[in-house]
Amino acid sequence: MASPQGSRAPLEFGGPLGAAALMLLLPATMFHLLLVARSGPARLLGPPPYLPGPEVLWSPRLLLLWLTWLGLQAALYLLPARKVAEGLELKDKSRLRYPINGFQALVLTALLVGLAVSAGLPLGALPEVLLPLAFAATLTAFIFSLLLYLKALVAPASALAPGGNSGNPIYDFFLGRELNPRICSFDFKYFCELRPGLIGWVLINLALLMQEAELRGSPSLAMWLVNGFQLLYVGDALWHEEAVLTTMDITHDGFGFMLAFGDLAWVPFTYSLQAQFLLHHPQPLGLPMASVICLIKAVGYYIFRGANSQKNTFRKNPSDPRVAGLETIPTATGRQLLVSGWWGLVRHPNYLGDLIMALAWSLPCGVSHLLPYFYLLYFTALLVHREARDEQQCLQKYGRAWHEYCRRVPYRILPYVY
Ligand SMILES: NC(=O)C1=CN([C@@H]2O[C@H](COP(=O)(O)OP(=O)(O)OC[C@H]3O[C@@H](n4cnc5c(N)ncnc54)[C@H](OP(=O)(O)O)[C@@H]3O)[C@@H](O)[C@H]2O)C=CC1
Ligand SMILES: CC(C)CCC[C@@H](C)[C@H]1CC=C2C3=C(CC[C@@]21C)[C@@]1(C)CC[C@H](O)C[C@@H]1CC3
């Protein structure tokens with residue numbers, strides 16, 4: 001039986017009350033967005049056009065479709081991988097192994113969907129069933145989190161996450177108790193973080209593009225841009241899949257409702273908001289404006305990829321010629337902190353690039369509505385909060401060296417502003 005580990009870890013997300021509120025607020029927000037995106041006024045802050053009854057939300061057929069999708073992605077995860085990577089060292093000094101085949105899963109999914117569409121699968125009909133599909137995903141996330149919570153009751157203490165073991169069932173259910181829940185070599189958190197949600201997101205985008213083509217003869221330029229930008233983002237994440245092994249989600253957070261719902265429901269159904277909006281609210285977009293937007297996306301991607309790759313290269317091999325000339329601060333752990341290059345500009349240059357890309361995804365939707373900018377607003381809040389959590393963890397890890405880094409690089413995300 002697991003003993004509540006890390007019970008003295010400070011409570012995050014506003015403690016049990018905050019966790020309970022988020023568990024209601026997050027699904028409510030997702031359904032609100034799905035409803036208003038297809039409504040005429042599309043007002044982010046207005047009431048939804050109607051409240052869907054159970055007959056709209058609940059569909060056994062769509063639950064089956066959703067479970068089939070999860071099953072397909074699980075099968076692709078189990079295929080032989082081009083590489084098997086090791087995660088960071090765990091409390092018991094062991095390291096877990098992870099298949100690196102996410103990009104392969106994306107390509108195989110694209111091939112399978114292409115075959116199915118040419119055989120008559122009506123992918124363009126998917127936007128009509130987003131509500132019941134999102135409901136199926138939410139239900140799955142709740143049940144899955146409950147099973148994960150129960151599984152953690154019999155997990156050894158060494159398998160528990162530093163947070164998420166406060167003893168309060170609501171808080172622990174939300175944050176997640178077990179760090180890397182697995183059955184044999186199947187790692188649930190790693191699987192969910194990158195596969196069904198991210199690939200589902202670009203599939204929903206594609207379905208929205210196809211429906212727009214059916215409705216209006218061809219997809220709009222704005223829809224092409226949103227699809228292209230977000231496909232690049234997802235493709236990039238899967239191509240650099242190994243990098244996720246060092247994120248706080250994998251190394252620090254337990255697997256509970258927050259990540260299960262975030263990965264399985266929130267990502268595919270809210271991150272596709274811009275394409276949902278464009279289907280119901282076509283926006284004229286000329287070539288000059290489209291070029292400016294592409295330039296903004298390119299700048300964002302350049303910073304995002306440059307910063308992430310610089311850190312990953314440095315962490316793998318500090319003497320790699322691409323990073324060997326950069327200035328560093330030594331820390332008591334033996335690791336070093338970069339203090340020049342991208343990581344000398346601000347303390348989270350990758351967040352800056354990510355936010356610029358988020359702006360580029362919203363701009364094709366014009367400026368008449370606030371709704372398509374929801375992602376940018378939410379993402380700013382998420383990254384500010386994430387940065388604060390990471391800062392806390394780095395302070396614990398690196399102590400005085402981190403203080404020195406903060407002195408030398410005083411801004412967190414946006415130079416001279418924040
Ligand atoms: N679209 C979305 O919804 C989301 C996207 N993201 C994106 O995912 C990516 C990963 O982000 P995230 O997991 O938050 O963390 P980061 O990739 O920013 O990693 C933070 C870690 O990097 C290391 N680090 C910090 N400063 C330095 C430095 N100066 N030199 C060397 N190492 C340093 C520290 O770990 P250590 O020293 O132990 O290596 C720190 O804990 C980002 O690009 C982010 O934008 C993230 C969340 C959500
Ligand atoms: C719904 C809650 C408020 C929070 C849910 C958070 C999750 C949606 C995100 C937590 C960390 C994520 C990461 C990514 C997607 C979103 C989630 C799962 C990426 C995979 C996105 C692509 C990047 O290249 C890497 C990211 C790692 C973290």
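The figures here come from the full heavy-atom set of this structure, side chains too, leaving out hydrogens, waters and symmetry mates. Order of appearance sets the numbers: ligands from 1, and atoms from 1 within every ligand.
- Met210 places a side-chain heavy atom less than 4.5 Å from the side chain of Val117.
- Scanning Tyr378, Tyr233, Tyr351 for the heavy atom closest to atom 5 (C) of ligand 1 points to Tyr233.
- Closest protein heavy atom to atom 20 (C) of ligand 2: Leu194 CD2, 3.7 Å.
- No more than 12 heavy atoms of other residues, nucleotides or ligands lie within 6.0 Å of OH in Tyr416, so this atom counts as exposed by the packing criterion.
- A salt bridge does not link Asp390 to Arg412: none of the charged nitrogens lies less than 4.0 Å from a carboxylate oxygen.
- From the protein, the heavy atom lying nearest to atom 8 (C) of ligand 2 is Val267 CG2, 3.6 Å.
- Looking only at heavy atoms of the protein, atom 5 (C) of ligand 2 is closest to Gly262 CA, 3.8 Å.
- In this structure, the side chains of Tyr373 and Leu363 come closer than 4.5 Å at one or more pairs of heavy atoms.
- Distance screen at 4.0 Å: atom 10 (C) of ligand 2 has a protein heavy-atom neighbour inside the cut-off.
- Looking at Asp390 next to ligand 1, an N or O pair under 3.5 Å apart turns up.
- Backbone and side-chain nitrogen or oxygen atoms of Asp354 are examined, and one is located within less than 3.5 angstrom of a nitrogen or oxygen of ligand 1.
- The nearest protein heavy atom to atom 28 (C) of ligand 2 is closer than 4.0 Å.
- Of the candidates Arg82, Glu241, Arg195, Asn101 forms a side-chain hydrogen bond (donor to acceptor under 3.5 Å, both in side chains) with just one, namely Arg195.
- Taking a distance limit of 4.0 Å, we find that atom 11 (O) of ligand 1 is approached by some protein heavy atom.
- For atom 18 (C) of ligand 2, the closest non-hydrogen atom on the protein side is Asp263 OD1, 3.0 Å.
- Among protein heavy atoms, atom 21 (C) of ligand 2 sits closest to Tyr233 OH, 3.7 Å.
- Screening Leu108, Leu106, Val107, Ile199 for a side chain to side chain contact (heavy atoms under 4.5 Å, CB included) involving Leu76 leaves a single residue, Leu108.
- Polar contact check, Asn350 against ligand 1: a nitrogen or oxygen pair lies under 3.5 Å apart.
- The closest approach between Trp342 and ligand 1 stays at or above 4.0 Å for every heavy atom of the residue.
- Under the 4.0 angstrom criterion for non-hydrogen atoms, Asn308 is in contact with ligand 1.
- When Glu193, Arg305, His240 are ranked by how near their heavy atoms come to atom 14 (C) of ligand 2, first place goes to Glu193.
- The protein heavy-atom contact nearest to atom 2 (C) of ligand 2 is Leu26 CD1, 4.0 Å.
- At least one N or O atom of Lys397, backbone or side chain, sits closer than 3.5 Å to an N or O atom of ligand 1.
- Scanning the protein heavy atoms around atom 4 (C) of ligand 2, the nearest turns out to be Leu382 CD1, 4.0 Å.
- Within 6.0 Å of the CZ atom in Arg305, the count of heavy atoms belonging to other residues, nucleotides or ligands exceeds 12.
- Taking each of Ala237, Cys192, Pro27, Gly197 in turn, the one with a heavy atom nearest to atom 22 (C) of ligand 2 proves to be Ala237.
- Those atoms of ligand 2 with a heavy atom of Phe304 less than 4.0 angstrom away are 24 (O).
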